[in-house]
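Structure first, commentary second.
Predicted, not measured: the structure shown is a model, and the values here were computed from it.
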Amino acid sequence: MVRIIARLNVGGPARHVLLLAEGLRAHGFETTVLHGDVDVGETPLREASGVAERAGFRLERIPGLGPQIAPLQDARALAGLVAALRRERPAIVHTHTAKAGALGRIAARIAGVPVVVHTFHGHVLEHYFTPVGSRLVQLAERGLTQLTERLVTLSPRLRDELAHRYRVAAAEDIAVVPLGRDIAPFRQAERGTLRRLLGLDPQALLIGAVGRLVPIKDLPLLVRAFAGLASAHPHAHLVLVGDGVSRAELESLATHLGLSARVHLLGWRDDLPQVYADLDLVALTSKSEGTPLAIVEAFAAGRPVVATRVGGVPDMFSPAPSAPEGLPPDVEAQAEGLLVPAGDEAPLQAALARLLTDAPLRAAQGAAARAAAEAWSAERLLNDMAALYRELLDQQAAREGAA
C-alpha cells in the first residue's frame, strides 16, 4: 500500500503515519510513504528516516508536495504522485492531511488504484481561510468524497461535524478510528529532568502546552490567561514546547506582560516523556482540532488537561463521577480534566487556577487520565486500521467478482 502526507513535520499526523507504516507490516501491509517538504518555520520529524530504515518501509519525497496552495507546484506534485502510484501499483492508497488528501486521491484515481482512503486528522473547512475560501474548500471536499471508498476520522464528534455541519459525506460512510500512540515511555519517565534544566524548585507548579506554535493553536490566549493568575500563584510557570511562526509573537507577549522569567519557550524536544513527567497540568487552547496527540501523551503521563471544547477534543474525555464545587458555568468538569470555550480568556484562567490550587482534584484527574490512556494504545490503532483495510479489500474483491 501507499500512504501520502503533505510533509513529515513534528506533529500528530506525521507521527501517526509513521506508526501505521511501521506497525502494519506485522499485519501484512507493506508500505511506501510519499511526502512533501516541511513549510517555512516548521521542524522536520528527525526520526522519520530512522523509523523507516528500522521498520523496513520506504520514504519517497514528491517534489512540489507540501501544505501550501501553489498551482504550479501542485501540478508538479500531482504528476509525481501519479508516476509513483503507477510504478508502485498499490492495492490501497491512504491519504492524510488536506493538501495531500486532495492531490493524492486525484492521483490514485488517475493511476487506477482499487481502494482509496482518506483520514481527516482535523480539517481546514473553517478558521483557515476567508469565508469564501472556506466555502470553496467545503465544496471541494464533497467532490473528493466521490473519489474515496472510505473517509476516516479520529472521533465521533468530528465524524458528525463532517457529516451534518459541512455535509462532506453521510455519517455511515465515515469510519471512526481513534488515534494511537506508544504510551509506555510516558508511563515510565521520572520527574525532575525539566525542572533541573529550567533551574526550578521541585515545588514549582508547571503548566505545559506541547505542539506547533501557529495561530490555530491560539497560544497567546494561554499566555494572557497565565498572566491573569500569575500574581496569585507566584510559584507557577508556563512551559511551551514546540516551534512555529507564532514564536516571536509569544516571546514578545511574555516580555510585554512582565513574564519572560516565568514563560519558557523550549522549542521542539526529543525527550517528551520527561517533559510531561515534570508538568503538573497540560493546556490546549486551539480554535480547531481533530484528536490532539498532546492530549493522548498527557493522559499517558497521568496529567490532567485543560482544553478548549473544539473538534474531537470532547470525545477524548469521559464524564466526571461528580462535579467539583465552585466551577464557573462555562467550565465543564470531566474525569480527566476541564473543558472551556475556545477563544475566551476568563474561563480558561479560572480552569487553570482551579487545578493549580486544588491538588486533590489534580491527582484524581491525573489518575483518571492515566487509566483512559489505554484506549489510545498503538496496538489498538493497528488492529482497527488493519480490520478496516481488510473490509475494504474484501468489498473490492466482491465487486470485481460480480463484474
Side-chain angles (χ1 to χ4, degrees), residues 1-6 13 16-17 19-21 23-25 27-35 57 62 65 78 81-82 84-125 137-156 158-164 166-180 290-291 312 381-403:
M1 70 171 296
V2 168
R3 201 169 293 282
I4 303 174
I5 186 169
H16 181 79
V17 162
L19 174 60
L20 290 173
L24 284 172
R25 191 176 192 190
H27 291 262
F29 296 95
E30 299 288 342
T31 302
T32 295
V33 176
L34 306 181
H35 64 91
F57 64 88
I62 300 296
L65 184 60
L78 179 61
L81 288 169
V82 171
L85 294 177
R86 283 176 171 165
R87 183 190 68 239
E88 295 288 328
R89 302 181 66 183
I92 301 172
V93 160
H94 192 153
T95 62
H96 302 260
T97 65
K99 172 79 166 291
L103 295 180
R105 283 182 277 177
I106 294 169
R109 287 313 182 200
I110 294 173
V113 176
V115 174
V116 181
V117 181
H118 175 66
T119 289
F120 283 92
H121 293 265
H123 61 72
V124 296
L125 302 175
V137 171
Q138 293 167 28
L139 292 172
E141 283 293 349
R142 291 176 196 171
L144 290 166
T145 295
Q146 307 307 310
L147 308 179
T148 316
E149 265 69 42
R150 191 67 55 87
L151 297 177
V152 176
T153 68
L154 307 181
S155 74
L158 182 55
R159 174 200 59 200
D160 294 343
E161 190 174 64
L162 291 171
H164 303 305
Y166 301 111
R167 294 181 292 157
V168 169
E172 57 268 25
D173 295 327
I174 305 175
V176 176
V177 182
L179 200 65
T291 299
L381 168 65
L382 296 171
N383 289 335
D384 287 354
M385 196 63 76
L388 175 63
Y389 290 160
R390 293 191 185 100
E391 174 192 341
L392 294 174
L393 290 172
D394 288 345
Q395 292 174 358
Q396 177 62 23
R399 286 193 294 268
E400 292 175 353

Where do I174 and D160 land on the side chain to side chain contact (heavy atoms under 4.5 Å, CB included) test, with the steps shown first? CA-CA 9 Å; I174 305 175; D160 294 343; over 6 Å; no

Determine whether L388 and M385 satisfy the following criterion, side chain to side chain contact (heavy atoms under 4.5 Å, CB included), listing intermediate values before the conclusion. CA-CA 5 Å; L388 175 63; M385 196 63 76; 4.1 Å; yes

Please evaluate residues E161 and H123 with respect to the criterion side chain to side chain contact (heavy atoms under 4.5 Å, CB included), reporting the C-alpha separation (whole Å), side-chain torsions for both, the decisive distance (0.1 Å), and the verdict. CA-CA 10 Å; E161 190 174 64; H123 61 72; 2.9 Å; yes

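Residues passing the side chain to side chain donor-acceptor pair (under 3.5 Å) test with N383, sequence neighbours excluded: none. Applying the side chain to side chain contact (heavy atoms under 4.5 Å, CB included) criterion to L382, with sequence neighbours excluded, gives L20, L24, H27. Partners of R86 according to the side chain to side chain contact (heavy atoms under 4.5 Å, CB included) rule, which considers only residues two or more places apart in sequence or in another chain, are V82, I110, A111. Residues forming a side chain to side chain contact (heavy atoms under 4.5 Å, CB included) with T32 (at least two apart in sequence, or on another chain): V2, L34, R58, E88. Taking R105 as the reference, E141 meet the salt bridge (charged side-chain N to carboxylate O under 4.0 Å, His left out) condition, with sequence neighbours excluded. Residues satisfying the salt bridge (charged side-chain N to carboxylate O under 4.0 Å, His left out) test with R87, not counting sequence neighbours, are E60. Residues passing the ring pair (Phe, Tyr, Trp, His ring centres under 6.0 Å) test with H118 are F120, sequence neighbours excluded. For R25, the side chain to side chain contact (heavy atoms under 4.5 Å, CB included) partners two or more places apart in sequence, or in a different chain, are E30. Taking the ring pair (Phe, Tyr, Trp, His ring centres under 6.0 Å) definition, one finds that Y389 meets it with F29, H94, sequence neighbours left out. Every residue was checked against the salt bridge (charged side-chain N to carboxylate O under 4.0 Å, His left out) condition with D173, not counting sequence neighbours, and none meets it. Residues passing the side chain to side chain donor-acceptor pair (under 3.5 Å) test with T97: none are found, sequence neighbours excluded.
For residues 386-400, every residue pair satisfying the salt bridge (Lys or Arg N to Asp or Glu O under 4.0 Å) rule, not counting sequence neighbours, is listed here: R150-E391.
For the pair R159/L162, no side-chain contact is recorded, criterion being any heavy-atom separation below 4.5 Å from C-beta on. Taking 4.5 Å as the limit, every side-chain heavy atom of I62 sits out of range of all side-chain heavy atoms of I4. Inter-residue side-chain proximity for V117 and V152 is flagged as met; some heavy-atom pair is nearer than 4.5 Å. Looking only at side-chain heavy atoms (C-beta outward), L381 and V177 come within less than 4.5 Å of each other.
Summarising the geometry of A170 relative to A163, their closest heavy-atom pair is C-CB, 4.2 Å, with the distance given to 0.1 Å. Minimum interatomic distance between G290 and L158 (heavy atoms only, all atoms of both residues): CA-CD2, 4.2 Å. Residues A91 and V113 approach most closely at O-CG1, 4.1 Å, considering heavy atoms. Considering every non-hydrogen atom in both P114 and P90, the closest pair reads CD-O, 3.5 Å. Between T145 and A169 the shortest heavy-atom distance is CG2-CB, 3.8 Å. Smallest separation of non-hydrogen atoms from D384 and P178: OD2-CD, 4.3 Å.
H96 NE2 to H16 NE2: the interatomic distance, rounded to the nearest 0.5 Å, is 5.5 Å. Taking CG of L144 as the reference point, atom CG of L103 lies at 9.0 Å (rounded to 0.5 Å).
Residue-environment remark: CZ (R142) exceeds the threshold of 12 foreign heavy atoms within 6.0 Å.
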